[in-house]
Enquirer: 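I have a structure here, written as C-alpha cells, and I will follow up with some questions on it.
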Amino acid sequence: DASTQQQLRRGARLTEITKQKQFSPIPVEKQIALIYTATNGYLDDIPVESLNRFEHEFLDYLEIQHSDLLIDIIKIKELTDEIVNQLKSAIEKFIDSFKKSNKL
C-alpha cells in the first residue's frame, strides 16, 4: 500500500544519507540533523541520486548559517522543542533553496 511504499522510500533515503565515507566521519550533531531530516520526511521528494550533493551542501549550510544550533545539539544532548523548531526552520529554508537550485 501507499504507506508501505513511502516507508520504503524513506528508508532508502535514510540508508543513503547515513552512509559515512571512510576517513571522513560526520560529527554526531550533524548526524542527528541528517537523521532528523530523513526520518521526518523532508527528503521524500529528493531523488536518491541527489542525496550525496544534498548532504554535503546541507551540512555546509548548517555549519555556516546555524553553527549555534549545532553547538546546542552538542551541549544540551537532547532535541528540545526549541532545538526542533530551529532545526525544522533551517531544514525547510535549505530544502526550498536546494529544490529551486536543482530544479526538483
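The model shown is predicted, which means the values in this text are computed figures rather than measured ones. FYI, side chains are in, hydrogens and waters are out, and symmetry mates aren't considered; it's all heavy atoms of this structure. In what follows, residues are counted from 1 in the order of the sequence shown.
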Enquirer: If I take atom OH from residue Tyr36 and atom CD1 from residue Ile73, how far apart are they, to the nearest 0.5 angstrom?
Expert: 10.5 Å

Enquirer: Is it the case that over 12 heavy atoms from other parts of the model lie below 6.0 angstrom from the CG atom of Asp68?
Expert: yes

Enquirer: Can a donor-acceptor pair be found, under 3.5 Å and without considering hydrogens, that links the side chain of Ser89 to the backbone of Asn85?
Expert: no

Enquirer: Which pairs with one or both residues in residues 25-43 pass salt bridge (Lys or Arg N to Asp or Glu O under 4.0 Å), sequence neighbours excluded?
Expert: Lys30-Glu63

Enquirer: Can you tell if the side chain of Asn40 reaches within under 4.5 Å of the side chain of Lys88, non-hydrogen atoms only?
Expert: no

Enquirer: Does the side chain of Tyr61 come within less than 4.5 Å of Phe98's, by heavy atoms?
Expert: no

Enquirer: Working to the nearest 0.5 angstrom, can you tell me the gap between Leu69 CG and Glu82 CD?
Expert: 9.5 Å

Enquirer: Is the side chain of Thr37 donor-acceptor paired with the backbone N or O of Ala33 at a distance under 3.5 Å, no angle test?
Expert: yes

Enquirer: Can you hop from Ile71 to Leu62 via hydrophobic side chains spaced under 4.5 Å?
Expert: no

Enquirer: Atom NZ in Lys75, atom CG in Leu70: separation rounded to 0.5 Å?
Expert: 12.5 Å

Enquirer: I would like to know whether Glu55 and Ile26 meet side-chain contact (heavy atoms from CB on, under 4.5 Å); could you show each step before the answer?
Expert: CA-CA 11 Å; Glu55 176 183 333; Ile26 299 171; 3.1 Å; yes

Enquirer: Quick check for you: to the nearest 0.5 Å, what is the distance between Gln86 atom CD and Asp81 atom CG?
Expert: 11.5 Å

Enquirer: Return the CG to NE2 distance between Asp72 and His66, rounded to the nearest 0.5 Å.
Expert: 12.5 Å

Enquirer: Decide yes or no for Asn102 and Arg53: does some side-chain heavy atom of the first lie under 4.5 Å from some side-chain heavy atom of the second?
Expert: yes

Enquirer: Determine whether Leu59 and Leu34 make a side-chain contact, defined as any pair of heavy atoms from C-beta on separated by less than 4.5 Å.
Expert: yes

Enquirer: Can you confirm whether Glu92 is buried at CD, in the sense that more than 12 heavy atoms of other residues, nucleotides or ligands lie under 6.0 Å from that atom?
Expert: yes

Enquirer: Where does the angle between the aromatic ring planes of Phe58 and Phe94 fall among parallel (under 30°), tilted (30 to 60°) and perpendicular (over 60°)?
Expert: tilted

Enquirer: Flag yes if Ile74 and Leu79 sit in one hydrophobic cluster, no otherwise; membership is Ile, Leu, Val, Met, Phe, Trp, Tyr, and two members link when side-chain heavy atoms are under 4.5 Å apart.
Expert: no

Enquirer: With a 3.5 Å distance limit and no angle check, can you tell me whether Ser50 reaches the backbone of Ile46 through a side-chain donor-acceptor pair?
Expert: no

Enquirer: Side-chain contact, heavy-atom cut-off 4.5 Å: Thr80 with Val84?
Expert: no

Enquirer: Does a side-chain heavy-atom distance below 4.5 Å link Lys99 with Ile95?
Expert: yes

